[in-house]
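Scroll down for the structure; my scribbles are underneath it.
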Amino acid sequence: QVQLVESGGGLVQPGGSLRLSCAASRSIVSINTMGWYRQAPGKQRELVAYISHDITTYADSVKGRFTLSRDNAKNTLSLQMNSLKTEDTAVYYCNVFEAGNVYWGQGTQVTVSS
């Protein structure tokens, strides 16, 4: 098992930046697939970005604005979000897929508003 704790959310103006972090409770070296999802009010949870076997994939809506990175030494997965838009407002969740199991963090709120 692995516990995930997200941080870094907050209120930011359109065009601003935030960096989200996901801290894992153990080493992530052996975890091949990790990512970020988000859920806006009244909408289904959607994929933002994930890394699997060192290949990173982004949702079309965030390509060129968000950057996913992992630090195996610190057991963290980060999401750098630039040029934020109001439609990026959502709760962001860290996700791990390992050995047929899916793990989620508790989420961190990101609000983009002027």
Side-chain angles (χ1 to χ4, degrees):
Q1 285 196 350
V2 58
Q3 283 75 48
L4 305 169
V5 179
E6 301 97 333
S7 63
L11 173 64
V12 64
Q13 292 186 341
S17 298
L18 282 175
R19 185 177 181 85
L20 304 183
S21 291
C22 172
S25 59
R26 62 165 176 84
S27 174
I28 64 171
V29 171
S30 63
I31 298 175
N32 292 319
T33 303
M34 303 181 69
W36 287 91
Y37 286 71
R38 68 186 181 186
Q39 187 166 17
K43 295 188 177 182
Q44 289 188 333
R45 192 170 296 189
E46 63 176 5
L47 175 69
V48 176
Y50 73 96
I51 182 167
S52 183
H53 298 277
D54 296 327
I55 298 174
T56 304
T57 301
Y58 297 94
D60 288 342
S61 59
V62 307
K63 279 181 183 177
R65 300 189 298 122
F66 290 12
T67 303
L68 184 67
S69 61
R70 62 185 289 170
D71 187 333
N72 289 343
K74 296 182 179 180
N75 300 328
T76 58
L77 181 73
S78 298
L79 184 68
Q80 177 66 42
M81 306 187 296
N82 299 328
S83 303
L84 283 161
K85 305 175 180 180
T86 55
E87 52 263 43
D88 294 318
T89 295
V91 178
Y92 284 69
Y93 297 91
C94 182
N95 167 276
V96 162
F97 178 77
E98 183 182 45
N101 297 309
V102 179
Y103 304 96
W104 295 95
Q106 83 289 349
T108 185
Q109 176 70 48
V110 171
T111 302
V112 185
S113 175
S114 55

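Every heavy atom of this structure was used, including side-chain atoms; hydrogens, water molecules and symmetry mates were not.
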Residues 93-114 vs ring-ring contact (aromatic ring centres under 6.0 Å, His included), sequence neighbours excluded, gives Tyr37-Trp104
All heavy atoms of Thr76 vs all of Ala23, minimum pair found to be CG2-CA, 4.2 Å
The single option from Glu6, Arg38, Gln39, Gln109 that satisfies side-chain hydrogen bond (donor to acceptor under 3.5 Å, both in side chains) with Tyr92 is Arg38
Between Gly9 and Leu20 the two heavy atoms that sit nearest each other are N-CD2, 3.6 Å
Taken in chain and number order and not counting sequence neighbours, the residues that satisfy ring-ring contact (aromatic ring centres under 6.0 Å, His included) with Phe66 are none
Interatomic distance, OG@Ser69 vs CG@Leu79, rounded to 0.5 Å, equals 8.0 Å
On a heavy-atom basis, the closest approach of Ala90 and Ala40 is CB-N, 3.8 Å
The side chain to side chain contact (heavy atoms under 4.5 Å, CB included) partner of Cys22 among Asn75, Leu77, Thr108 is Leu77
Hits for salt bridge (charged side-chain N to carboxylate O under 4.0 Å, His left out) against Lys63, two or more places apart or cross-chain, chain-then-number order -> Asp60
Here the gap from Gln106 atom CD to Leu4 atom CG, rounded to the nearest 0.5 Å, amounts to 9.0 Å
Under 3.5 Å, which donor-acceptor pairs do the side chains of residues 47-54 form with other protein atoms, sequence neighbours left out?
from  : atom 1 : to    : atom 2 : distance (Å)
Ser52 : OG     : Thr33 : OG1    : 3.0

Applying salt bridge (charged side-chain N to carboxylate O under 4.0 Å, His left out) to Arg65 and not counting sequence neighbours gives Asp88
request  = Would you check, one step at a time, whether the test side-chain contact (heavy atoms from CB on, under 4.5 Å) holds for Met81 with Arg19?
outcome  = CA-CA 6 Å; Met81 306 187 296; Arg19 185 177 181 85; over 6 Å; no
For Ser78 and Ser21 the tightest heavy-atom approach is OG-OG, 3.7 Å
Q: Output, in order, the C-alpha distance, side-chain angles, deciding distance and verdict of side-chain contact (heavy atoms from CB on, under 4.5 Å) for Asn95 and Trp36.
A: CA-CA 6 Å; Asn95 167 276; Trp36 287 91; over 6 Å; no
Here the pair of heavy atoms bringing Ile28 nearest to Asp71 is CD1-O, 4.0 Å
Separation between OG (Ser17) and CD (Gln80), nearest 0.5 Å, reads 6.0 Å
_Within the supplied structure, the quantity of interest is the number of heavy atoms (other residues, nucleotides, ligands) at a distance under 6.0 Å from Glu87 CD; does it exceed 12?_
yes
For Arg26, the salt bridge (charged side-chain N to carboxylate O under 4.0 Å, His left out) test, sequence neighbours excluded, returns Glu98
| Exercise: do Gln3 and Ser25 side chains pair donor with acceptor under 3.5 Å | yes
Do Val96 and Val91 sit in one hydrophobic cluster, given that two such residues count as connected whenever their side-chain heavy atoms are within less than 4.5 Å of each other, even indirectly?
no
Taking every heavy atom of Thr86 against every heavy atom of Pro14, the minimum-distance pair comes out as CG2-CG, 4.0 Å
